[in-house]
Asker: 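Take this structure first; my questions come after.
Naming convention: chains lettered A, B, ... in sequence-line order (proteins, then strands); numbering from 1 in each chain. Only a predicted model underlies this, so the values are computations on that prediction, with no experimental measurement involved.
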Number of protein chains: 2
Amino acid sequence: MTNGESATRIQVERRARILEAGLDVFAAEGFRGATVDGIARAAGLSKPNLLYYFPTKEAIYVALLGGLLDMWLDPLRALDPSGDPLTEMLAYIRRKLLLARDFPRESRLFAGEILRGAPEMGEMLSVDLRELVDARASVIARWMDAGCLARSDPHHLIFSIWALTQHYADFEVQVRAVLGRARDPWAEAEAELERHFRRVLKPDAPPAPQDRP
Amino acid sequence: MTNGESATRIQVERRARILEAGLDVFAAEGFRGATVDGIARAAGLSKPNLLYYFPTKEAIYVALLGGLLDMWLDPLRALDPSGDPLTEMLAYIRRKLLLARDFPRESRLFAGEILRGAPEMGEMLSVDLRELVDARASVIARWMDAGCLARSDPHHLIFSIWALTQHYADFEVQVRAVLGRARDPWAEAEAELERHFRRVLKPDAPPAPQDRP
DNA sequence: CGTCACTTTGACCAGACGGTCAAATCCAGA
DNA sequence: TCTGGATTTGACCGTCTGGTCAAAGTGACG
């Protein structure tokens, strides 16, 4: 198997294992708190061996972040401008919540990066993220203009969706501490968020002024 | 000035300076990222001198957290069970948002601690925090029963308030990246949050069935 | 002025950490 | 079986970090 230009089967497998381990450790300890030794141990490799696949600790971190933003924005990207507005929005909210539920490590890694001021992500945020959000915000604005959704600022509406969904992943300890052991945060969140956003999104005055003769 | 039992004027002043500096550094770099030297420099002291006032780095951190939770819960504590429900809730939301706006370092410090699983705060969360939230949640539940507020789960309603208000402080870089430089996140947030929660809180059916003869 | 508790500091230490390197091991293909 | 690149590793290095310590400085009060 002469290596034409890129990865050996082992390289592919090892890199994946390292990223998986890195996600675990970075999400739990943060960038500064994570140690190369710790990641290597979690990946079942020796430290020098890990450094054979990624030159630095930072390289692992940025590799993770790179793949992350895409995944994180997928639900928003999937918002269909030609669908039914309320259905589309509620589906987006649900997708986002399930993403946070099923990938809490990714959510926390992302949150940690932003909390620290996004030193490794600044560019992505103000370019890729902003473009996508602006595009979707204008779709939402159109829906509001058409009277299909209650009027509000689309950007802040999106923020509210992010804030609420990620809260359950990023602040899970707090949520659990408050709710106690008997309750199921995620199941409740799913129901409550739908109720919450139905209220927020439902247009208040039905846009039919002349059907009461 | 023989020291009867507690602090010298210098001790008071130095401890305060150290906590202030610690807040700065911990909020920006996280617990692991912060260095004793860094905090000492920010406080204008030498490292051993700082360690003369606080025995360890952790001691500074927990001292900060201790004072923090109280401050952080004040707006919720101030919720008046005998006030007008909608007014009280909107006032609470506004207080919480202004707190996040005026004390973003505190907000981020808190967020970082929770993100990491609240290793130094577990107790406080599941005791003090939980008690207060349970108490206020039952007040809110009573308001809902009386038809003064739309029905929903009070705990999750509180979560939604926390999530939305703190989002603007903790994820400020992201918010700014998306909104661009021309817009003022905090001013907009104030207006949007009021609109948002008016919708969420306003009871849907006015509880007066017999005043249309 | 002398005392004594309070305060400050330079020098130092042990451990942890990110990263390097040369040597060893593995393994697919000839 | 031999070969050469891919892979793995133990030993090592310089730096950083949390924390210690003995000694020096400071100032209020007798």
Asker: At their closest point, which heavy atom of A:L23 faces which heavy atom of A:L109, and how far apart are they?
Answerer: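 Nearest heavy atoms, A:L23 then A:L109: CD1-CD2, 3.9 Å.
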Asker: Just to be sure I understand the rule, does A:F54 reach a base, reach only the sugar-phosphate, or reach nothing, if contact means heavy atoms closer than 4.0 Å?
Answerer: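 A:F54: no heavy atom of the nucleic acid under 4.0 Å.
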Asker: Under 3.5 Å, side chain of B:R101 to main-chain N/O of B:W186, donor-acceptor pair present?
Answerer: no
Asker: Regarding A:A34, tell me which of base, sugar-phosphate or nothing describes its non-hydrogen contacts under 4.0 Å with the strands shown.
Answerer: sugar-phosphate
Asker: Of all the choices, C:dG10, C:dC17, C:dG19, which nucleotide is nearest to the side chain of B:P48 once you look at every atom?
Answerer: C:dG10
Asker: Starting at the 5' end of DNA chain C and moving along, which residue's nearest nucleotide shows up first, A:D37 or B:I10?
Answerer: B:I10
Asker: Look at the aromatic rings of A:H156 and A:F159 and report parallel, tilted or perpendicular, splitting at 30° and 60°.
Answerer: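 Geometry flag for A:F159 against A:H156: perpendicular rings.
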Asker: Checking B:E192 side chain against A:S152 main chain: does a donor-acceptor pair fall under 3.5 Å?
Answerer: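 No, B:E192 side chain to A:S152 backbone: no donor-acceptor pair under 3.5 Å.
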Asker: With a 3.5 Å cut-off and heavy atoms only, can you find an N or O donor on one side and an acceptor on the other between the side chain of A:K57 and the base of C:dG19?
Answerer: no
Asker: Would you say D:dC16 has OP1 or OP2 under 4.0 Å from some side-chain N or O of B:T35?
Answerer: no
Asker: Mind checking A:L45 for me? I need base, sugar-phosphate or nothing, with any heavy atom below 4.0 Å counting as a touch.
Answerer: nothing
Asker: Should A:Y52 be listed as having a side-chain N or O under 4.0 Å from OP1 or OP2 of C:dG19?
Answerer: no
